[in-house]
Amino acid sequence: MIQTIATTPYTDQKMGTAGLRRKSKVVLQPNYIENFMQSIFNVIGNLRNKTFVVGGDGRFYNDKAIQKIIKMAAANGVAKLIIGQNGFMSTPAGSNVIRKNKADGGFILSASHNPGGENGDFGIKYSNASGGQIPSSVSDKIYQQTLSLKEYKICDIPDIDLSKPGVQDVCGMKIEVIDPVKDYVDMMQNIFDFDALKKLFQSGFTMRFDAMNAVTGPYALKIFEEILGAPKGSVVNAVPLQDFGGLHPDPNMVYAKELVDFMYSEHAADFGAANDGDGDRNMILGKKFFVTPSDSLAILTDNFSLIPAYKSGIYGVAKSAATSTAVKRVAEAHAIGYYEVPTGWKYFVNLMDSKRITFCGEESFGTGSSHIREKDGIWAVLFWLSIIAATGKSVEQITREHWQKYGRSYYVRFDFEGVDTDLADKLMEDLESKLPMLQGKTFSGYTVSDAGAFVYNDPVDGSSTKNGLIIRFTDGSRIVYRLSGTGSSGATIRVYLERFSKTNLDDDPLKMLTEIFKIAMSISEIPERTGKHQADVIT
Ligand code: G16
């Protein structure tokens with residue numbers, strides 16, 4: 001039944017910040033998935049006795065790609081696949097299943113927060129035995145393999161029925177179809193005090209969770225409505241759809257508009273949250289109140305002792321360099337370890353494995369802990385609900401009291417999308433060469449304390465990674481420039497702005513950052529070079 005099929009390489013299968021992301025139409029080309037998967041299998045090598053986890057966020061083409069992966073894994077001699085029922089599994093749930101079963105790795109088919117459907121995006125995240133995504137050293141090897149691939153192996157068998165949990169034999173390989181929700185729910189019950197959360201909802205507390213027609217719907221219904229007793233209808237857009245019902249499943253103020261409108265209306269619930277396509281990102285809202293992801297990380301870290309799993313203490317905390325410095329002040333206050341890494345959750349994995357950190361988070365709506373090796377959207381929501389249950393305070397009160405204690409980092413990200421790739425690369429190159437000359441210069445009252453590329457030296461494996469450019473000012477303000485690594489075509493220039501105030505706590509972030517935005521534009525020449533005078537997305 002095993003066939004060896006001749007193929008020709010694709011030259012565009014280099015993974016980005018989190019796996020391979022391409023337009024669905026690109027992935028539909030002949031042998032596109034086959035080439036990519038065979039390259040991974042070749043790099044892993046010696047697949048006998050190996051077990052992998054497979055699932056996805058249910059987007060267009062997941063079902064077809066999963067069947068290909070099953071047939072190729074069997075043909076390549078993989079011992080066992082653990083697959084989510086009907087091919088569904090969120091990214092955090094997948095990380096847990098890998099770790100719990102001591103699997104050798106896993107594949108989550110998702111382009112995360114990118115839109116789905118035939119005209120949307122498709123993606124594959126590849127994790128190793130840690131439950132976290134592979135380091136760049138491994139993805140580089142896989143890319144090299146894709147460039148010279150000549151053939152792939154596949155079993156010539158009919159599609160496999162994934163609709164019922166159970167074990168079956170496929171072409172000499174074992175397949176175990178599992179309920180993807182159960183293990184995840186068990187894990188959350190071991191971290192949080194579910195009885196306290198039940199009491200919160202019994203007291204009349206209301207929430208709205210927007211699953212954005214993506215993978216977290218079934219998890220959220222089970223946890224929030226069924227187990228914790230949130231009123232029926234608290235979870236909306238709960239059925240995963242192949243095109244997310246036309247929604248762009250990116251939980252931010254722009255794309256989670258339905259939830260934002262509701263939470264800023266007279267009928268708002270006490271608490272609002274949304275997750276992204278594959279359930280690793282989260283957005284937190286109070287009544288007419290938005291919590292930036294950077295503040296959310298700082299607030300969760302400050303309140304670790306309220307959660308049973310972290311009561312006895314946490315090792316430390318890490319953030320990506322682009323994320324605001326709010327959590328740094330919390331780490332200093334609690335005298336715990338503090339790290340800044342490049343953008344990409346994979347950079348947190350070594351720090352968690354070596355017990356340097358327990359919590360980590362990013363400005364891109366990701367927060368998580370060492371319970372798994374991915375960011376975790378529902379975990380963040382349960383953490384916020386636990387703080388509310390323990391303190392009896394609202395989201396807004398909790399955040400404002402945090403600012404009173406630590407000061408406030410005004411923080412906004414500006415995305416310039418659809419920029420020509422060569423133009424964006426040249427812009428960043430020119431900017432980098434200009435930065436050393438800026439030291440000591442003053443722009444509209446802001447004096448540059450230092451400026452240059454952000455370089456991370458991993459304390460565990462000694463690898464060195466350059467990611468983004470930072471200008472720091474003497475008052476603590478910062479400008480960070482980066483090219484996104486999660487788009488499926490063209491380039492997105494991200495500009496992250498931060499300004500700290502200890503006393504002015506109730507101002508408008510855009511107003512507070514007006515001057516720094518002008519400085520960021522004039523130094524980088526983004527408007528002149530891209531023709532864009534406004535960002536496409538502001539979050
Ligand atoms: C991925 C990574 C995150 C990263 C984000 C944004 O998230 O796992 O660590 O912050 O991409 O990356 P970029 O700024 O390069 O677009 P996800 O949720 O897309 O898998």
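Note: hydrogens, waters and symmetry copies are ignored here, and every other heavy atom, side chains too, is used. The residues of the chain are indexed from 1 along the displayed sequence. Quick caveat, the model's predicted, so the values are computed rather than measured. Just follow the structure's listing: the first ligand is 1, and inside any ligand the first atom is 1.
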Inset, instruction - Look at atom 1 (C) of ligand 1 and find which of Lys375, Lys125, His113, Lys346 reaches it with the closest heavy atom. - result: Lys375
Legend entry - Donor-acceptor side-chain pairing of His371 and Asp376 below 3.5 angstrom: yes
Legend entry - Residue, atom name and distance, where the atom is the protein heavy atom closest to atom 10 (O) of ligand 1: Ser364 OG, 2.7 Å
Legend entry - Geometric N/O contact Arg494 with ligand 1, under 3.5 angstrom: yes
Inset, instruction - May I ask you to say whether Glu363 pairs ionically with Arg482, meaning some side-chain N is under 4.0 Å from a carboxylate O? - result: no
Legend entry - Distance-only polar pair, side chains of Ser294 and Thr292, donor-acceptor under 3.5 Å: no
Inset, instruction - Would you check whether Gly485 has a nitrogen or oxygen atom less than 3.5 angstrom from a nitrogen or oxygen atom of ligand 1? - result: yes
Inset, instruction - Go through ligand 1 atom by atom and flag the ones less than 4.0 Å from a non-hydrogen atom of Ser112. - result: 17 (P), 18 (O), 19 (O), 20 (O)
Legend entry - Main-chain N/O of Gly485 paired with Thr17 side-chain donor or acceptor, under 3.5 Å: yes
Inset, instruction - Under 4.0 Å, heavy atoms only, figure out whether ligand 1 is touched by the backbone of Arg482, its side chain, both or neither. - result: side chain
Inset, instruction - Please confirm whether Gly344 comes under 4.0 Å of ligand 1, counting heavy atoms of the residue only. - result: yes
Inset, instruction - Please name the residue in the list Asp280, Thr91, Asp57 that meets the side-chain hydrogen bond (donor to acceptor under 3.5 Å, both in side chains) test with Ser110. - result: Asp57
Legend entry - Nearest-contact summary for atom 6 (C) of ligand 1 - protein heavy atom, Å: Arg281 NH2, 3.6 Å
Legend entry - Tyr406 and Asp302: side chain donor to acceptor below 3.5 Å: yes
Legend entry - Heavy-atom donor-acceptor pair, Arg281 side chain to Ser112 backbone, under 3.5 Å: no
Inset, instruction - Would you please say whether a donor-acceptor pair under 3.5 Å links the side chains of Ser409 and Arg329? - result: yes
Legend entry - Shortest protein contact, atom 16 (O) of ligand 1 (heavy atom only): Thr486 OG1, 2.4 Å
Inset, instruction - Distance to 0.1 Å, residue and atom name: give those for the protein heavy atom nearest to atom 9 (O) of ligand 1. - result: Glu362 OE1, 2.5 Å
Legend entry - Sub-3.5 Å N/O-N/O distance, Asp278 and ligand 1: no
